[in-house]
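Take a look at the structure set out below.
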Amino acid sequence: MKLATWNVNSLKVRLPHVLAWLAQHQPDVFCLQETKTEDKDFPAAALEAAGYRALFYGQKTYNGVALLSRAELNERSDGIAGYADEQKRVIAATLGDVRVICAYVPNGQALDSDKYRYKLEWLHAFHVWLRSELARWPKLAVLGDYNIAPEDRDVHDPKQWEGQVLVSPAERDAFRELLHLGFRDALRMFDPVEPNFTWWDYRAAAFRRNLGLRIDHILLSPALAQACAACYVDVAPRKLERPSDHTPVVAEFS
DNA sequence: ATGGCGCGCGCAGCGCGA
């Protein structure tokens, strides 16, 4: 089994990249964030022609998440149970006995902004919900754009980023609290030598200079972590014409 | 040097992302 996640920054623009990536990597479930696509406009037919069915939870201009899969997904749920949120950031479903949650955590904008307070509140609700999800689904994977670089080694220049959103202590505490629920950070299970950034700013030739952050993650429940054989970042799509500023993360299971 | 780029919206230039 192969699970993957990608913040596509507009599915409309990135559809050719998504189709090419599916053909090459053939994930069992592909989690997409920032589709920025209303459900009535979702490119379901093009994906179906590529062998993938889709569950989508989108809105105009902002946010939007989707699950693509080759086999049928069951027990779909939208959003965080018990947390009313206008913004469409979470979709979940089950493949066999594996529960897959696709999440787009708020960015936060700046530490003194309402958006940052929303991010922390959102992360608290996410934490509470994931605790109950873990109790319900022993095999649980939570994939997505967390908008948090968990440690300094996930940041190209920790000094430059100090005091900014994505690296602030409160956000990192919230991420660590998710791990304390019992999740493993799949990429860190394999302790790669390279930085394994997943996002590079469009500006200032940040990708060419490798000025990136690791903010897209795959968290695995203990039962799934035990079965995880590999986890890696695929930087190839960042080199394409009109790339997303994020790149896919993949987990493979025995 | 606090911008830079790219997206949606909608037709100019702004809000937003990270």
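In the text below, chain A, chain B and the rest are named by the order of the sequence lines, each starting its count at 1. Below, all heavy atoms of this structure are taken into account, side chains as well, without hydrogens, waters or symmetry copies.
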Legend entry - Nearest-Å distance once atom C1' is located in both dG13(B) and dA1(B): 24 Å
Inset, instruction - Determine whether the side chains of E121(A) and Y83(A) contain a donor N or O and an acceptor N or O closer than 3.5 Å. - result: yes
Inset, instruction - State whether K159(A) and D157(A) are salt-bridged, where the test is any N-O pair (Lys NZ or Arg NE/NH1/NH2 against Asp/Glu carboxylate O) under 4.0 Å. - result: no
Legend entry - dG10(B) and dG6(B), which share atom name P, separated by this distance in whole Å: 22 Å
Legend entry - Residues in contact with DNA chain B, drawn from residues 141-163 of chain A - heavy-atom cutoff 4.0 Å: D145(A), N147(A)
Legend entry - Atom C1', compared across dG3(B) and dG17(B): separation rounded to whole Å: 15 Å
Legend entry - Residues forming a side-chain contact (heavy atoms from CB on, under 4.5 Å) with Q226(A), sequence neighbours excluded: none
Inset, instruction - Assign each of Q87(A) and E38(A) to its nearest nucleotide of DNA chain B by heavy atoms, then name whichever residue's nucleotide is nearer the 5' end. - result: E38(A)
Legend entry - Sugar-phosphate, base or nothing in reach of Q164(A), heavy atoms under 4.0 Å: nothing
Inset, instruction - May I ask you to check whether D85(A) and W122(A) show a side-chain donor-acceptor distance below 3.5 Å? - result: yes
Legend entry - Sequence-distant partners of T37(A), side chain to side chain donor-acceptor pair (under 3.5 Å), two or more places apart: none
Inset, instruction - Could you measure between the two C1' atoms, the one in dA12(B) and the one in dT2(B), and give it in whole Å? - result: 24 Å
Inset, instruction - Have a look at V165(A) and say if it touches a base, only the backbone sugar-phosphate, or nothing, with a 4.0 Å heavy-atom cut-off. - result: nothing
Legend entry - Short side-chain to backbone donor-acceptor contact, S113(A) and A110(A), under 3.5 Å: yes
Inset, instruction - Determine the stems involving DNA chain B; a stem requires 3 or more consecutive pairs of the Watson-Crick or G-U wobble kind, each with both distances below 3.5 Å, and the answer is none if no such run exists. - result: B:5-9 with B:13-17
Legend entry - Sequence neighbours excluded, every pair satisfying salt bridge (Lys or Arg N to Asp or Glu O under 4.0 Å) that has a member inside residues 163-187 of chain A: K119(A)-E171(A), D152(A)-R172(A), D173(A)-R176(A), D185(A)-R214(A)
Legend entry - Sub-4.0 Å heavy-atom contacts from residues 115-122 of chain A onto DNA chain B, ordered by number: K115(A)
Inset, instruction - Quick one: label N7(A) by what it contacts on the DNA or RNA (base, sugar-phosphate, nothing), any heavy atom closer than 4.0 Å. - result: sugar-phosphate
Distance-only criterion, 3.5 Å: show the donor-acceptor pairs between side-chain atoms of residues 205-212 of chain A and protein atoms not counting sequence neighbours.
{"from": "R209(A)", "atom 1": "NH1", "to": "A204(A)", "atom 2": "O", "distance (Å)": "2.8"}
{"from": "N210(A)", "atom 1": "OD1", "to": "W200(A)", "atom 2": "NE1", "distance (Å)": "3.0"}

Inset, instruction - List in chain and number order the residues that pass side chain to side chain donor-acceptor pair (under 3.5 Å) with R242(A), two or more places apart in sequence or in another chain; answer none if no residue qualifies. - result: none
Inset, instruction - Establish, from distance only, whether the side-chain atoms of Y104(A) and E34(A) form a donor-acceptor pair under 3.5 Å. - result: yes
Legend entry - Partner set under side chain to side chain donor-acceptor pair (under 3.5 Å) for Q26(A), not counting sequence neighbours: R70(A)
Legend entry - P atoms of dC14(B) and dG4(B), separation to the nearest Å: 12 Å
Legend entry - Leading and trailing nucleotides of DNA chain B with any atom under 4.0 Å from heavy atoms of chain A: dG4(B) to dA18(B)
Legend entry - CG-CG distance between N196(A) and D154(A), expressed to the nearest 0.5 angstrom: 9.0 Å
Inset, instruction - Can you tell me which residue pairs pass the salt bridge (Lys or Arg N to Asp or Glu O under 4.0 Å) test with a partner in residues 130-149 of chain A, sequence neighbours excluded? - result: E75(A)-R136(A), D97(A)-K139(A), R99(A)-E133(A)
Inset, instruction - Please identify each residue that fulfils salt bridge (Lys or Arg N to Asp or Glu O under 4.0 Å) with R238(A), with sequence neighbours left out. - result: none
